[in-house]
Structure formats: structure tokens, C-alpha cells
Amino acid sequence: MNGCPVKRHGLGILLVFWIAVSACAGTQGGLRPDEPVYTFLELPMKRLYSETDSHIGKVFDERFKFYRIYHDKETADPSKREQTIQGKTHFTARPITQYMQVVRIQITPRQEKLLLTMGIERQDVIRAKVRFAGLAPGGSLAFDLLEVLP
């Protein structure tokens with residue numbers, strides 16, 4: 001006998017489940033295991049402004065003071081008094097290590113729901129991994145939210 005068919009199928013199902021979970025984890029955070037992660041002390045925001053193109057795609061792990069979510073014209077609710085903006089839905093924040101700067105952290109609708117579920121409010125400090133996306137309309141630095149960390 002080659003072994004119990006239930007065990008073989010169970011291992012196969014477990015393998016498929018593990019692959020699916022690994023794929024989801026990779027897309028949620030969007031990080032490769034060997035990808036370098038920076039702080040704004042290691043790679044100052046001045047360099048992001050002056051050398052924008054060469055730093056697009058770099059990942060940062062930082063603490064931010066959360067301010068407000070702004071919606072793009074497609075996702076804004078006209079019945080609410082929400083400010084709409086040019087560009088992607090994002091929240092504004094100040095990096096704790098470079099407090100004089102305000103950045104945009106672009107979010108998806110799913111990430112917005114997560115932030116609201118977590119109870120994050122104006123002036124809260126959050127730790128997040130973000131990927132540098134370039135300059136936003138208006139010239140501020142724009143990042144894509146990868147994950148909110150504990």
C-alpha cells in the first residue's frame with residue numbers, strides 16, 4: 001500500500017492552503033523577504049525630494065502622527081462633509097522623526113476600513129510600513145500603505 005489516501009489528500013490540501021496564505025501575505029504587505037526597509041533617519045526626506053526617481057519603490061518603517069483621511073472624487077460620499085482631493089484616497093500624517101514634513105499615505109478602501117476598525121483617530125501615532133510612490137499633486141511626498149504595525 002502507498003499510504004492512506006486521506007493523508008495524501010490532507011497533505012495536498014495543507015500545501016495548497018499554505019501556498020494561498022503565503023501569496024496573500026506577500027500581496028498584503030507587498031514586501032519581498034530580502035527587500036531592504038529604511039527609516040527617515042537612514043534615508044532623509046530631503047533626499048526623497050531631490051532624488052525622487054531613484055528612490056521610488058523604497059520601503060520605510062516609521063511612526064506617523066495620523067491626521068485625516070481625504071477621498072478621491074470616485075470614493076467620496078457626497079452626503080458627508082468630506083473633503084475630496086486630486087489624486088488617490090489617502091491620509092495625511094507627520095513622520096515622528098521628521099516632524100516638520102506632512103506626507104500623504106495612499107490607502108485602498110479595504111485599508112481605510114481597517115484603520116477605522118482599529119479606532120485610529122486624529123493625533124494618534126501609528127507605526128506603518130509604507131512604500132515611496134513619488135510626489136503627489138501639490139508636491140508633497142506620497143507613499144502607499146503596506147501595513148499598520150503594532
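Note that these values count all heavy atoms, side chains included, but never hydrogens, waters or copies made by symmetry. What you are looking at is a predicted structure, and each value in this text was computed from that prediction instead of being measured.
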Verify the cluster assignment for [X] and [Y]: are they in a single hydrophobic cluster under the rule of side-chain heavy atoms below 4.5 Å apart?
X	Y	result
Met118	Leu145	yes
Leu141	Ile56	yes
Tyr49	Phe60	yes

Quiz item: Is there a donor-acceptor contact under 3.5 Å linking the side chains of Thr97 and Glu62?
Solution: yes

Only counting residues at least two apart or in another chain, list the ones meeting side chain to side chain donor-acceptor pair (under 3.5 Å) with [X].
X	result
Lys58	His55
Ser140	none
Arg47	none
Asp124	none

Point-to-point distance, once rounded to the nearest 0.5 Å, from [atom1] of [X] to [atom2] of [Y]:
X	Y	atom1	atom2	value
Gln106	Lys88	CD	NZ	5.0 Å
Glu112	Thr117	CD	OG1	10.0 Å
Ile126	Ile120	CD1	CD1	5.0 Å
Leu115	Glu121	CG	CD	12.0 Å

Self-check item: Check: Gln111 side chain, Thr108 main-chain N or O, donor-acceptor pair, under 3.5 Å
Solution: yes

Report yes if the side chains of [X] and [Y] come closer than 4.5 Å at any heavy-atom pair, otherwise no.
X	Y	answer
Ile69	Ile107	yes
Phe66	Thr92	no
Lys65	Gln123	yes
Thr89	Tyr70	no
Leu31	Leu146	yes
Val130	Val59	no

Self-check item: Non-neighbouring partners of Arg122 that pass salt bridge (charged side-chain N to carboxylate O under 4.0 Å, His left out), sequence neighbours left out
Solution: none

Quiz item: With ILVMFWY side chains joined below 4.5 Å, transitively, what does Tyr67's cluster contain besides itself?
Solution: Ile96, Tyr99, Val125

Exercise. Please check if atom CZ in Arg63 has more than 12 non-hydrogen atoms from other residues, nucleotides or ligands closer than 6.0 Å.
Key: no

Quiz item: Taking all atoms of both residues into account, what is the closest heavy-atom pair of Pro95 and Met45, and its distance?
Solution: CG-SD, 3.8 Å

Quiz prompt | Of all pairs that satisfy ring-ring contact (aromatic ring centres under 6.0 Å, His included), the ones with a partner from residues 112-142, not counting sequence neighbours | solution = Phe132-Phe143

Under 3.5 Å donor-acceptor pairs involving side-chain atoms of residues 35-43, not counting sequence neighbours:
{"residue": "Glu35", "atom": "OE1", "partner": "Arg32", "partner atom": "N", "Å": "3.2"}
{"residue": "Glu35", "atom": "OE2", "partner": "Arg131", "partner atom": "NH1", "Å": "2.7"}
{"residue": "Thr39", "atom": "OG1", "partner": "Leu41", "partner atom": "N", "Å": "3.3"}
{"residue": "Thr39", "atom": "OG1", "partner": "Glu42", "partner atom": "N", "Å": "3.2"}
{"residue": "Glu42", "atom": "OE1", "partner": "Thr39", "partner atom": "N", "Å": "2.8"}

